[in-house]
Structure formats: C-alpha cells, structure tokens
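Presented below is the structure to which this report refers.
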Amino acid sequence: MAPEPPLLTMSGITKSFPGVRALDGVDLEVQAGEVHCLLGQNGAGKSTLIKVLAGAHQPDGGEITWRGEAVSLKSPIAAMRLGIATIYQELDLVEGLSVAENVFLGHEPTSAGFVVRGTEARSATAAILKRLGHPEIEPGRHVGELSAAQQQIVSMARALSHDVRLIVMDEPSAALDPDEVDNLFRIVGDLTADGVAVVYISHRLEEIRRIGDRVTVLKDGRAVAVGLPARDTPTRDIVAMMTGRNVEYVFPDRPHAAHAAGRQPVLTVEGLARKGEFAPVDLELRPGEIVGLAGLVGSGRSEILETIYGARRPSAGRVLVDGCPLRPVSVRAAVRAGIGLAPEERKAQGLLMLESVTRNVSVSSLSRFSRGGWLDRRAERAAAQQATRELSLRPDNPDARIRTLSGGNQQKAVLARWLLRGCRVLLLDEPTRGVDVGARAELYAVIRRLADEGLAVLLVSSEVPEVLGLADRVLVLREGSVVHRADARELDEHRVLDLVMEGSPTA
C-alpha cells in the first residue's frame with residue numbers, strides 16, 4: 001500500500017510587505033497526529049506563516065497541499081472548512097459574549113435551518129469543555145469574567161467545535177502556571193492520539209523537548225531547518241539555528257573594567273518584579289558603563305526595560321535615579337529623570353514613520369523649541385541636524401522622511417532623539433535588529449562612544465556575541481529570573497547558552 005501523504009505541506013511559500021520580505025521560500029510539512037514545533041526569534045516569519053496557513057494572508061508564491069491535494073486558502077473560513085484552526089497568542093474572543101456564544105460564534109448550532117440558541121449551544125459547549133478537562137467553566141458565563149488560562153481553554157473549545165484536523169497554537173503556555181501547562185500538554189496528547197495534528201509555537205525550548213515530535217526553525221523569513229527530531233536535536237544547535245552566525249561582529253575596544261567602578265550609580269533597580277513576567281531584579285548602572293541582559297526571547301528582558309521606563313506597572317520593587325525613587329508607571333517621570341528607551345519594535349514603537357528625520361529626533365524635546373506657544377521650526381531643525389551629525393546619520397538631510405532611511409540610520413535617529421533630550425540612562429532593546437553588517441559595526445561604535453562620554457547603557461540583545469562584545473557586565477536571565485552575574489570578559493557564548501537553558505537563580 002502507498003504511504004499516506006502528509007496532512008499538510010507548504011512548499012516554497014513567499015510573502016512580501018512594503019519594504020519587507022517576510023517569507024522567502026519557506027517549507028513546512030505536518031503529519032497527522034504529530035506535534036510539529038515552529039521555532040524562531042521575533043521577526044523570523046512565524047506569525048506571517050501561520051497567518052498564511054489560517055487564510056488571513058495570501059502568499060505571493062508557493063504551494064499548499066492538504067492530504068495530498070493542492071488547495072487555496074482564500075480566507076479563514078476556507079481554512080476552517082478544511083479543518084485548520086488557529087489559536088493566536090492574542091486571543092480573539094468577545095468578552096461581552098458568553099462562553100457558549102464565543103465557542104459557536106459564526107457557526108451557531110441549527111435545527112431545520114434555524115439557529116438554535118440557549119440550551120443546545122450550552123450543552124454542546126459543556127461537552128467540549130469536559131473533553132478539555134475543564135468542566136468547571138460555565139457555558140453561560142461571560143468570557144470577560146474568566147482568567148487568562150480559562151479564556152485560552154475557551155479558544156481551544158471554539159477550535160474543537162469544528163471538525164478540526166490541525167490546530168495551530170501560538171505561544172499557548174505564555175499566560176499559564178505550571179499546573180495549567182501540564183493540563184495543556186494533556187490536552188495536546190489527547191488530540192494527537194485522535195489523529196489531530198498540532199503546530200506548536202513556543203519560545204520555551206524545554207517545552208519542545210516534552211511535547212514536540214519534529215521541529216522546523218525559521219530565521220529571517222527562511223526555513224533553516226525542516227522536520228528535525230525534537231528530542232534528539234541538541235538545544236545548542238537549535239539556538240544556533242535560531243540566532244544564526246552569518247555576520248562578523250566588530251566591536252570597539254572597551255575601557256579598563258574599573259573606569260566606572262568608582263562612580264555613584266545613576267540608575268538603581270531594587271527588587272523590581274512583574275508577576276508572571278520576571279522575578280525580583282536588582283541592578284546598578286553607573287555613568288560610562290554598559291550592562292547587558294542576556295537570555296532567550298520570553299526570558300523577561302524586554303519587560304524589565306519597559307518597567308524601568310514606566311511603560312509597565314511593577315508588582316514589586318522600585319526604580320531610582322541618583323537615589324531618588326521614580327513614580328511607577330510614568331513614562332513622563334522616567335524621561336524627565338533622564339531615561340530614554342530605544343524599543344525592540346523600532347518602526348511600530350519608536351518612530352513616526354510618515355514624519356521627517358527632524359520631527360523624529362525632536363519629538364521628545366519639543367518644549368525646548370516652543371516660543372510663546374509657537375514652534376520655532378528653524379531652531380528645531382538645526383538642533384536635530386546637529387544631533388544626527390554627531391551620530392553620522394545618512395543621508396545628512398533633516399527633511400528626509402524617516403521611512404526612507406535604512407534600518408541602521410533609523411536606529412541612529414532614535415539614539416539622536418535621546419541625545420538631544422540630554423538623557424543620562426539609555427535602555428537599548430535589540431539595537432541592531434534589521435540592521436545590515438556594516439551598519440552594525442557603526443552602531444556598536446556609537447553606543448561605545450556614548451558610554452565613554454558618560455552615558456549609562458542597559459542593553460538587551462538576542463545575539464549573545466553582541467551582549468558579550470559590548471557590555472562591561474552581564475546579567476543572564478532564564479524564565480524571568482537572573483541566574484548569573486559576571487564581568488563580560490569572564491563569559492563566552494557557550495557558557496551563556498548553557499546558563500539560559502539550565503541555569504538556576506543566583507542569590
């Protein structure tokens with residue numbers, strides 16, 4: 001007998017958006033009854049690929065086959081009719097509706113051609129919830145009253161209300177505690193035992209070992225590995241494939257380790273924590289030094305920076321500048337105290353893409369150029385141009401639209417903004433993401449020069465060599481906890497990777 005074809009095959013899938021090639025010939029093959037793990041860093045193309053599979057995006061090229069036959073997923077409804085359901089990390093539930101109404105939203109039970117409401121929908125929902133091991137969730141209860149874990153169960157129930165053969169789960173364990181994760185894995189095991197395939201996306205590599213059968217790794221829109229055995233592929237190899245080592249790191253010389261040791265801390269973090277994201281963190285940052293936070297995506301790195309910046313509310317601890325506590329959850333207070341943030345999502349969170357270089361650089365200092373309620377545009381332009389020239393931003397045209405600049409020069413514009421503002425503490429989250437090799441070396445030199453001139457820098461990067469090459473001191477994070485602290489010269493890449501995989505918290 002001829003072998004059964006794969007349940008799903010995606011071959012040579014391409015997808016571009018203006019200025020970005022999100023998928024560049026990606027392959028994915030999923031067998032019935034398997035857990036196929038899809039791995040990659042932020043921006044690798046995972047979200048775009050699953051949206052193509054869900055019918056939310058149309059690919060520019062490539063072929064999709066379902067049970068050996070070519071198909072066209074023109075819409076989410078078309079995907080669902082085939083038996084493909086997607087549970088996104090940001091759950092798309094309607095909080096004002098009941099559990100049962102959410103489960104059958106868009107395909108309400110019918111009888112004799114009429115929609116059946118009430119008892120039949122609730123009864124069918126209760127049966128699905130019992131199958132998922134959560135009979136305590138009441139079908140008539142409003143979804144907005146449920147916990148995050150319960151809402152995720154409702155989203156799974158909605159998927160199972162269809163005749164589903166493949167479920168995509170995007171970071172399903174992100175909001176779950178350990179007991180809830182165990183229940184999630186039980187559910188996945190039951191589904192695969194029934195022949196349902198699961199595409200599982202997670203940044204927690206230990207979960208891949210527990211639940212995965214095969215692994216596909218994406219990097220920069222390409223599949224760098226397809227269908228590797230999940231339990232037999234070394235974790236270090238997976239991490240190396242996710243991060244890549246295709247660029248040469250050229251780092252500027254560091255000053256002697258004691259150059260900042262005698263200075264008073266400009267930034268002090270005492271017991272800072274956010275429930276469910278990171279455990280209490282203590283750190284000091286002195287003028288002239290760079291401290292790096294190393295860890296995998298999801299280890300709490302970015303959340304720590306955003307909490308220091310006042311963009312997230314801490315559940316414990318405090319942030320001090322020059323010994324004075326900052327008001328929590330106040331970006332304005334942080335900026336006034338001299339803290340600046342270059343966020344990970346530069347285009348979405350750090351730049352006004354339709355505005356000029358001048359306005360992007362001056363936006364945090366506009367009061368400086370206000371005269372009697374009017375903006376002195378000439379002074380604004382001159383100050384912005386001076387700040388960008390100090391960083392060698394190209395082209396040297398303050399009137400150019402920021403969206404026309406390369407990634408490296410866009411990042412320089414963000415740095416110029418805080419230079420103009422006179423910030424004393426710079427929080428850098430993935431500063432070279434989307435930046436080419438030559439521009440990386442320039443940014444490294446700029447960051448080191450700013451530190452040498454007295455700026456205090458707290459750096460987050462997924463590239464371990466980048467952290468070790470730029471930072472003076474390093475804090476290694478694993479699952480929200482600091483597991484090691486050391487001078488950067490005392491660490492190497494393999495040691496850091498071992499720590500982020502298997503480390504235990506330090507005192």
Side-chain angles (χ1 to χ4, degrees), residues 41-42 171 174-175 203-204 265-286 289-321 325-331 333-335 337-346 348-350 414 418 423-433 447 451 455-464 466-468 470-486 488 491 496 499-500 503-507:
Q41 299 192 89
N42 290 348
E171 298 287 0
H203 62 264
R204 298 176 175 175
V266 61
L267 176 74
T268 304
V269 174
E270 296 180 346
L272 194 69
R274 255 183 73 87
K275 187 176 181 180
E277 292 184 348
F278 60 90
V281 173
D282 297 295
L283 67 86
E284 290 184 339
L285 190 59
R286 294 175 173 80
E289 76 170 340
I290 301 174
V291 172
L293 301 181
L296 296 178
V297 174
S299 62
R301 311 164 312 173
S302 298
E303 291 78 6
I304 290 171
L305 261 59
E306 291 172 3
T307 305
I308 292 172
Y309 188 60
R312 293 175 181 252
R313 180 181 296 278
S315 55
R318 60 179 185 165
V319 177
L320 303 92
V321 174
L326 292 184
R327 184 158 59 93
V329 208
S330 174
V331 171
V335 172
I339 299 177
L341 170 68
E344 176 181 8
E345 299 296 335
R346 183 169 56 242
Q349 300 174 337
V414 176
W418 297 118
C423 96
R424 303 166 59 216
V425 177
L426 186 57
L427 311 176
L428 297 179
D429 196 351
E430 302 286 4
T432 61
R433 172 160 293 165
I447 294 166
L455 195 65
V457 179
L458 186 58
L459 167 74
V460 161
S461 175
S462 298
E463 307 282 357
V464 175
E466 190 166 274
V467 175
L468 298 180
L470 277 176
D472 302 302
R473 293 186 291 119
V474 175
L475 277 63
V476 181
L477 293 165
R478 181 176 184 269
E479 295 185 357
S481 295
V482 176
V483 297
H484 195 71
R485 301 167 185 264
L491 297 170
V496 172
L499 287 165
V500 300
S504 57
T506 58

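In what follows, residues are counted from 1 in the order of the sequence shown.
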Q: To the nearest 0.5 angstrom, please state how far the CG atom of Leu320 sits from the CG atom of Leu326.
A: 7.0 Å
**Q.** Heavy-atom closest pair, residues Ser461 and Glu463
**A.** OG-N, 3.0 Å
Q.
Donor-acceptor pair, distance only, cut-off 3.5 Å: does the side chain of Ser315 make one with the backbone of Ala273?
A. yes
Q.
With rounding to the nearest 0.5 angstrom, report the CG to CH2 distance, Leu455 to Trp418.
A. 12.0 Å
Q: Determine whether Pro314 and Val329 make a side-chain contact, defined as any pair of heavy atoms from C-beta on separated by less than 4.5 Å.
A: yes
(Q) Is any side-chain heavy atom of Val291 closer than 4.5 Å to one of Arg485? (A) no
Q. What heavy-atom pair brings Ala471 and Gly292 nearest, and what distance separates the two atoms?
A. CB-N, 3.6 Å
Q. Which atom pair, heavy atoms only, marks the closest approach of Val474 to Ala488?
A. CG2-CB, 3.9 Å
Q. In Å, rounded to the nearest 0.5 Å, how long is the span from CG of Leu285 to CG of Leu426?
A. 10.0 Å
Q | CZ-CG distance between Arg318 and Leu272, expressed to the nearest 0.5 angstrom | A | 11.5 Å
Q: State whether a side-chain donor-acceptor pair under 3.5 Å links Glu466 with Thr432.
A: yes
**Q.** pair Val425-Ile308: side-chain heavy atoms closer than 4.5 Å
**A.** no
Q: Could you tell me whether Glu430 and Arg301 make a salt bridge, using a distance below 4.0 angstrom between a side-chain N and a carboxylate O?
A: yes
Q: State, to 0.1 Å, how close Ala337 and Val321 come at their nearest heavy-atom pair, and which atoms those are.
A: O-CG1, 3.6 Å
(Q) Under a 3.5 Å distance rule, please check whether Asp429 uses its side chain to pair with a backbone N or O of Ala342 as donor and acceptor. (A) no
Q. Rounded to the nearest 0.5 Å, how far apart are CG of Leu305 and CG of Leu458?
A. 5.0 Å
Q: Output the distance between atom CD (Gln349) and atom CD (Glu306), rounded to the nearest 0.5 Å.
A: 6.0 Å
Q. Checking side chain to side chain contact (heavy atoms under 4.5 Å, CB included) for the pair Tyr309/Val335: CA distance, chi angles, key distance, verdict?
A. CA-CA 8 Å; Tyr309 188 60; Val335 172; 3.7 Å; yes
Q | For Val476 against Val500, the heavy-atom pair lying closest together | A | CG1-CG1, 3.5 Å
Q.
Strictly distance-based, threshold 3.5 Å: is any side-chain N or O of Glu277 a donor or acceptor partner for the main-chain N or O of Arg274?
A. no
Q: Please examine the side chains of Arg473 and Leu283, heavy atoms only from C-beta on, and report whether any two atoms are closer than 4.5 Å.
A: no
Q.
Are Val460 and Ile304 packed together at the side-chain level, in the sense that at least one heavy-atom pair is separated by less than 4.5 angstrom?
A. no
Q) Of the non-hydrogen atoms in Thr268 and Pro265, which two are nearest, and what is the gap between them? A) OG1-CB, 3.8 Å
Q. Yes or no on side chain to side chain contact (heavy atoms under 4.5 Å, CB included) for Val496 and Val467, after CA distance, side-chain angles and deciding distance?
A. CA-CA 10 Å; Val496 172; Val467 175; over 6 Å; no
